[in-house]
Amino acid sequence: MKINNLILQVVLVAIALLAGTVVSSPADNSVLKGTLFEGYSIEPLTYSGTVNGGQVNTTGTVEQIFKELSAKDPNFGSQEPRSIETGLVTRAKTWQECLPIPGKSDLREADSEAISNGIGYLRRIGGTCGVGVRTCARVSCSWDSAIFICNDNPRHIDIASNQIATYTQDLVNACAHYVSQYRGHAFGGRIFDNGGWQVVVLREKC
């Protein structure tokens, strides 16, 4: 009888652990709840561009936006990347840093290949990406590797997609390193612009 009770207790503990796994939200472990994003709101990225000569305004990651706009125009994204729109903040990088960042041990490195794919989408969609006051938005995410933009201004800003792509590539060039044959190269970090915004690359559940 004691053996049966012990087995029953083990089973109940296992069920409780499994239940905890099921109800636990992935967002509980999200990097967005970590130290780097303290003081920021988290909102979807806004996008403005043109398709077939018409203005398009939408929200989502660049992967989602590209899929949406390609459905409207099969040739969308096949053109040469557009130049940076006039009236936007002039590109002027003030500072950059690679992981690890002192005091922020919760941050993990993204896969370089996935981030390079995100850069490609940014180049192809053109247009501008918008982010609100003291807000961070996820620009791209695939294979648990994400690009964010964060706005430190007291106003909404719009940033050329090509400009975000260029900063992200700067981080690839400065920070990426070989990890293993299975994973290839990985990196993480951030770049600050004198216009009061930053690009951040980290590992994040998509």
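Index from 1, following the sequence.
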*Asks:* So, Asp73 side chain and Asn75 main chain: donor-acceptor pair closer than 3.5 Å or not?
*Replies:*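 Answer holds: yes.
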*Asks:* Whether the Glu68 and Thr58 side chains hold a donor-acceptor pair (N or O, under 3.5 Å, no angle test) is what I'd like checked.
*Replies:*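 Yes, a side-chain donor-acceptor pair sits under 3.5 Å.
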*Asks:* Is the shortest heavy-atom distance from the side chain of Thr168 to the side chain of Val201 under 4.5 Å?
*Replies:*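 Yes; the side chains approach each other to less than 4.5 Å.
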*Asks:* Using a strict threshold of under 4.0 Å (side-chain N to carboxylate O), is an ion pair present between Arg108 and Asp144?
*Replies:*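 No, no charged N to carboxylate O under 4.0 Å.
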*Asks:* Mind checking whether Val172 and Ile119 have side chains closer than 4.5 Å, heavy atoms only?
*Replies:*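 The answer is yes; the side chains approach within 4.5 Å.
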*Asks:* Provide the closest heavy-atom pair for Pro44 versus Thr59 in the form atom of the first, atom of the second, distance.
*Replies:*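 Closest heavy-atom pair between Pro44 and Thr59: CB-CB, 4.3 Å.
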*Asks:* Could you pull out the closest heavy-atom pair between Cys206 and Arg138, with the gap in Å?
*Replies:*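 Closest pair (atom of Cys206, atom of Arg138, distance): CA-NH1, 4.0 Å.
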*Asks:* Of the non-hydrogen atoms in Trp143 and Asp111, which two are nearest, and what is the gap between them?
*Replies:*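 Smallest heavy-atom distance, with atoms named: O-OD2, 4.1 Å.
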*Asks:* Yes or no on side chain to side chain contact (heavy atoms under 4.5 Å, CB included) for Thr46 and Val131, after CA distance, side-chain angles and deciding distance?
*Replies:* CA-CA 7 Å; Thr46 62; Val131 60; over 6 Å; no
*Asks:* Gln198 and Val200: side chain to side chain contact (heavy atoms under 4.5 Å, CB included), yes or no, with the steps?
*Replies:* CA-CA 6 Å; Gln198 54 184 294; Val200 182; 3.7 Å; yes
*Asks:* Go through the steps to decide whether Asp193 and Tyr167 satisfy the test side-chain hydrogen bond (donor to acceptor under 3.5 Å, both in side chains), and finish with yes or no.
*Replies:* CA-CA 9 Å; Asp193 185 270; Tyr167 275 173; 2.3 Å; yes
*Asks:* Kindly say whether Gly53 contributes a backbone atom to a donor-acceptor pair with the side chain of Thr50 at under 3.5 angstrom?
*Replies:*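 Here the side-chain-to-backbone pair does not exist.
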*Asks:* About how many Å separate OH of Tyr121 and OG of Ser161, when rounded to the nearest 0.5 Å?
*Replies:*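 Going from OG on Ser161 over to OH on Tyr121, the span is 14.0 Å.
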*Asks:* Work out which heavy atom in Ile65 is nearest to a heavy atom in Gly60; give both atom names and the distance.
*Replies:*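 For Ile65 versus Gly60, the nearest heavy atoms are CD1-O, 3.4 Å.
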*Asks:* Please check this pair: side chain of Asn153 against backbone of Arg155, looking for a donor-acceptor N/O pair closer than 3.5 Å.
*Replies:*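 No, the answer is negative, given that no donor and acceptor are paired below the 3.5 Å cut-off.
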*Asks:* Just checking, is any N or O donor in the side chain of Arg123 or Thr166 under 3.5 Å from an acceptor N or O on the other one?
*Replies:*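 A donor-acceptor contact under 3.5 Å links the two side chains.
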*Asks:* When rounded to the nearest 0.5 angstrom, what is the spacing between CG in Asn173 and CD in Gln96?
*Replies:*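 One finds 9.0 Å between CG of Asn173 and CD of Gln96.
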*Asks:* Enter the distance from Ile191:CD1 to Glu97:CD here, rounded to the nearest 0.5 Å.
*Replies:*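 Here the interatomic distance stands at 10.5 Å.
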*Asks:* Specify the closest pair of heavy atoms between Lys104 and Arg190, including all atoms of both residues, with the distance to one decimal.
*Replies:*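 What the structure gives for the nearest pair is CE-NH2, 4.1 Å.
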*Asks:* So if I apply the side-chain contact (heavy atoms from CB on, under 4.5 Å) rule between Val62 and each of Ile147, Ile164, Ile125, which one comes out positive?
*Replies:*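 By the side-chain contact (heavy atoms from CB on, under 4.5 Å) criterion, Val62 pairs with just one of Ile147, Ile164, Ile125: Ile125.
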*Asks:* With no hydrogens and no angle check, is any side-chain donor or acceptor of Ser112 less than 3.5 Å from a backbone partner on His185?
*Replies:*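 It does hold such a pair.
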*Asks:* Does Thr61 offer a backbone N or O that forms a donor-acceptor pair with the side chain of Gln64 under 3.5 Å?
*Replies:*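 Between the backbone of Thr61 and the side chain of Gln64 there is a qualifying donor-acceptor contact (under 3.5 Å).
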*Asks:* Would Asn57 and Ser48 count as a side-chain hydrogen bond (donor to acceptor under 3.5 Å, both in side chains) here? Give the steps.
*Replies:* CA-CA 5 Å; Asn57 299 297; Ser48 295; 2.8 Å; yes
*Asks:* In sequence, state the C-alpha distance, the side-chain angles, and the governing distance for Ile159 and Trp197, and then conclude on side chain to side chain contact (heavy atoms under 4.5 Å, CB included).
*Replies:* CA-CA 9 Å; Ile159 308 163; Trp197 56 276; 3.5 Å; yes
*Asks:* Distance from Leu99 atom CG to Leu107 atom CG, nearest 0.5 Å?
*Replies:*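 That separation rounds to 5.5 Å.
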*Asks:* Could you pull out the closest heavy-atom pair between Arg203 and Ser145, with the gap in Å?
*Replies:*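 In this case the closest contact between Arg203 and Ser145 is NH1-OG, 4.1 Å.
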*Asks:* Quick one: does Asn151's side chain have a donor or acceptor within less than 3.5 Å of a partner on Gly132's backbone?
*Replies:*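 Pair found, side chain donor or acceptor close to backbone of Gly132.
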*Asks:* As a quick check of understanding, evaluate side-chain hydrogen bond (donor to acceptor under 3.5 Å, both in side chains) for Glu63 and Ser140, giving each step before the final call.
*Replies:* CA-CA 7 Å; Glu63 291 86 0; Ser140 168; 2.5 Å; yes
*Asks:* Supply the atom-to-atom distance Gln169 CD to Leu122 CG, rounded to the nearest 0.5 angstrom.
*Replies:*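 It comes to 11.0 Å.
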*Asks:* List in chain and number order the residues that pass salt bridge (Lys or Arg N to Asp or Glu O under 4.0 Å) with Asp152, two or more places apart in sequence or in another chain; answer none if no residue qualifies.
*Replies:*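 Once residues adjacent in sequence are excluded, the partners of Asp152 under the salt bridge (Lys or Arg N to Asp or Glu O under 4.0 Å) criterion are Arg134.
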*Asks:* Would you sort out whether Leu45 and Ile149 count as a side chain to side chain contact (heavy atoms under 4.5 Å, CB included), showing the intermediate values?
*Replies:* CA-CA 9 Å; Leu45 182 77; Ile149 52 174; 3.6 Å; yes
*Asks:* Please report the interatomic distance CZ(Phe187) to SG(Cys98), rounded to the nearest 0.5 Å.
*Replies:*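 Taking CZ in Phe187 and SG in Cys98, the distance rounds to 8.5 Å.
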*Asks:* Taking ring-ring contact (aromatic ring centres under 6.0 Å, His included) as the test, write out the residues that go with Phe192, two or more places apart.
*Replies:*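 Result, ring-ring contact (aromatic ring centres under 6.0 Å, His included) vs Phe192: Trp95.
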